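Since the structure comes first, as structure tokens, the remarks are kept for the end.
Quick caveat, the model's predicted, so the values are computed rather than measured. Order of the sequence lines sets the chain letters (A, B, ...), proteins ahead of strands, with each chain counted from 1.
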Amino acid sequence: MAADGTQQQQSALSAEDPVIQMRNAKVTFDDGESYVMNDISIDVRRNEIIGVVGESGSGKSMFAESMLDAIPDPGVLTGKVEYLAEDGREIDVLGLSKEDLRQMRWEEISMVFQGAMSSFNPTMSVKGHFVETLKAHDYEVEPGLDRAHELLEDLYLEPDRILNSYPHELSGGMQQRALIALSLVLEPEVLVMDEPTAALDLLMQRSILMLLEELQDKYDLTMVFITHDLPLVASLADRLAIMYAFRLVEVGPADEIIANAAHPYTRALLNATPNLDAPLDEMRPIEGSGPAPINLPSGCAYHPRCPLADEQCRSAVPEFQQTDADHAAACYNWEEATDQIPLNYEDMLDDTATSEGDVA
Amino acid sequence: MKRTDSGSVSGTDFSFEKGSQSNVEVTWNDRLRDFWEEFIYKPGLVAWDDWRTRIGATITLFFLFMGTVGAYFYRQPSTNQVERSVGPFQNPDYILGTTPLGEDVLAKIIHATPDILIMITAGAVWATGLALLIGVLAGYKGGLTDRALTSMSDVAMSIPGLPLIMVLLVTVQPTNPAIIGGIITINYWAGLGRGLRSQVLTLRDEPYVEASRTMGVGTLRIMFKDIIPNLMPFVLVNFVNAGRYVIFQAVALYYLGILPSTTSNWGILLNQAVNQYGALFSLDGAYLVFIPTIAILLLTLGLILLAQGTDRIFNPRVRTRLAGESESTDEEGNEQPAAGGF
Amino acid sequence: MSSQPVLSLDGVEVHFENQRGLMGIGQEPETVRAVDGVTIDIEERDVVSLIGESGCGKTTLGKTCIGLQRPTGGTVEYRGHDMWDVRDGKSDSDLEWDDIRQSLQIIHQDPGASLNPNRRLVSILSEPLRQVSPDLSKGEKRERIYSLLEHVGMNPAADFAERYPHQLSGGEQQRVALCRALLMNPDVILADEAISALDVSLRVEMMDLMLDLQDEFDTSYVFISHDLSNARYFTEHGNGKIGVMYLGQLVESGPAEQLINEPKHPYTEVLRWATPDLSLEQTGDMPMRKIDIPDPIDPPSGCRFHTRCPEAREVCKRETPETYQINGQRAACFRRDESHDYWDSPELVD
């Protein structure tokens, strides 16, 4: 499916083999008075892992929910959201009937939220959850449970022990992994995860990321990973999409964005995130304050905090500009960004590029 | 006042000696204005905002008016003051009609109101006040204090209410409406106290309460400044409900004749209407039963509606929003639902 | 620092008992050894970061440091005097418990829950002044509150002071919590995951602010974090040390850069692996042998990390390592002792 608009300009946002296509997706409350997600157009590519990064209030959760048409009332989702199954079916997600939508969710596109405990029924054993899910979608229970066993083992859990436990008996990390297994038991093609590791600690986070990578490989999944933590998703994701003030501002391959982010916000975000390798003196907080949702700045929402802002930025929202093969940013002045906003870990990047040395 | 993240830290070194750029004067005018705003203006705004509270407050104020100003100015009921047994809405002089003894019905209604109001207030204050004291102490202190107080309220709860009240009333024969109100709610506080205790148990572990403890703030001050204000929605609603309970019980007890008829009360009117005037036997006399009943219903309705809205008075988000002080928004930029919604 | 440490913990244990069985009859109570023998000092104007996974006891240890949790074993000394003796009235110093209580403060993780929603900022911030400087007039108190609010970037202060907590953003609320703690003029502030709930772009700002005000208020920080990068930033800028905890014990401590670049305990190396960074290098498979932490009620024998340690050997199951000192770092691992039996012991195989 070819993308809308000129091929050149939007190649970073489009795909040859997209699995989900979003065009001009918007979420409004109050009858179109204020947007909490504005004009998102992007393709999710088959079998990729795409990380959607944004701070709180950027609209990233809305983005996740839009893919399943799960925006809570009174929000209204407009635009086009299409799911293209592997067998060639094209499904207009927003036009589905309630029953078809229910079927599509979990069978084709599955979602995992933060805080696994609230996704479980505390009065039902884990096995009960699996059985209920299988039955609700008219799948056979026996083969389904076999699949569950396999998934739980892939996630380094003891299947029998976990299946016979109640959710509260498991630790946070185990619950989250059990939830991931549950979301995959119907063999969906796409897994959407909204901050799945946020409530977990360091080792568990890293381990789960590693497991997700293995699962993606083994089961040929497409993954959409929503988070506020850029470094967390950077090594897992193939591509990154950065959101600010309810819009997408940059899309591109993960290593390209880390090495060569084009949008000033992305660069500032990379600089402001404490990480182990950057020299301590060069970590900078982002100047200025986050956008107030009710009263967004005119033009580019980032302009009050951007050192490169000019008249054009203040008057009109920037379109996506191609900055590299498969890399695009919504900024008029992205070319100056590299010089004006140096990344504080550039030395480290140079070292990695030129030698094979340890990054210790 | 928008809710945005403010600017970043000033680069200079900090010292208290430098003083502040803002004006720190606190004049008496400021204090008075603060008091007015916090305790009268803003609660009033919130109360007016919701249609239920608006109606409830109006009705309650109406009765308050009737019981104070009305009782002051309107004539006292007395026998043979006007024509006997006249139906309602027939003569503007005695608009609600008259009793077979020639008393003006409206006068009887009005002059029973002050006592009823006192009774309600006394009962509600006693019930809620004691519940608050015991519930908060037991919940916050825990340990032995908690166990002692909880056992006490368990005993109070298990004593059957109505028989106890009746025994007390018959023995004591009170005429003071405040005392009557207190007796009626003699063990109403126990259930309320338990509810408050469980709320306090939750609040006690809140970070801001722990912060106060860490600062060395005394228990009493923590109770009054940190815990009780956050219990107020629960307390207010139950306060008004206790008042409602008092009316019902009082009317019933007067009707049954357990309370002496020397005080005036609508329940007595009912009693007289049914037993003395035979009002239930003919349609002509039915107004003598309906009118006190409607008065009772109206006041009860007013209190119920008022109770439903009062919990919002203590919600700082609602207060500030209605006073125009701020846009209260949550993380994803969704406006809080408008009043009257959720 | 040659002067006496402000806080000195020696062999501190905090054990919780869970009653089991019907009304506690019939089964032995379970003991959760939240903190199991920790010795650590907090100096004047120090920064001590405690990191580790959940359940390692860092929050419990932090609260024990500032006197909110009474230890079941060991001693906690405030400027050389056992603080719980002072509390019980058995101490021979003339310290009052009130003074100790006021000089140890806390900042919580959730900024929204750490401020009373029914009080305006000026009232919230008057409370500490009321405790430590009760003789100040209302105007003088306001002056201090306003000047501190201005310094942390909340301008105009008079405007902010009249607000309720819900009218502030998360970052602002946390700054108010910091102001409240500082107005007590404390010796030590426990920052319990104080920046974890803030947006990523605000964290550095908050940490800078905390360090900036350290000098004026002459205070030390105990900084609890599950994130090694944040702990590194904070500790190194504060010239302090990081303490790594595992299942109630301190397994390694030392200055930040040293600890991160040259970890002396396998667990610290594992934490480093787990910390996301921007190098995008394939950092290899999971170094720990097991993903899940053992149950704290029944910790492993010998060295507690032996069930997951990539370098574990038979002797680690039987013996508990003592704390070895190697240039300014301390680590509880046999690998630091060249002459230990460890080197002859066979590897542990699962």
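Closest of all the heavy-atom pairs between Y267(C) and L203(A) is CE1-CD2, 4.1 Å. Closest heavy-atom contact between V204(C) and A272(A): CG2-O, 3.2 Å. In terms of heavy atoms, D227(C) sits closest to L202(A) at CA-CD1, 4.5 Å. Of all the heavy atoms in M210(A) and M286(C), the pair that sits closest is SD-N, 3.6 Å.
In this structure, CD1 in I291(C) is found 4.5 Å from CZ in R177(A), a value given to the nearest 0.5 Å. Distance check: Y156(A) OH to K290(C) NZ gives 12.5 Å after rounding to the nearest 0.5 Å. Rounding to the nearest 0.5 Å places CD1 of I293(C) at 7.0 Å from CE of M204(A).
In E158(A), the CD atom is not crowded: 12 or fewer heavy atoms of neighbouring residues, nucleotides or ligands sit closer than 6.0 Å. Atom CZ of R161(A) has 12 or fewer neighbouring heavy atoms from other residues, nucleotides or ligands inside a 6.0 Å radius.
Contacts of D326(A) classified as salt bridge (charged side-chain N to carboxylate O under 4.0 Å, His left out), with partners at least two apart in sequence or in another chain: R45(A). Applying the side chain to side chain donor-acceptor pair (under 3.5 Å) rule to T235(C) yields the partners S49(C); only residues at least two apart in sequence or on another chain are considered.
Per-residue heavy-atom pair counts under 4.5 Å with chain C were compared for H228(A), Q205(A), E55(A), M174(A), and the maximum is reached by E55(A). Considering only heavy-atom pairs separated by less than 4.5 Å from chain C, the leading option among V233(A), L232(A), D229(A), L211(A) is L232(A).
Using a 4.5 Å cut-off between heavy atoms, I208(A) makes no contact with chain C at all. Heavy-atom distances place the side chain of M288(C), and not its backbone, under 4.5 Å from chain A.
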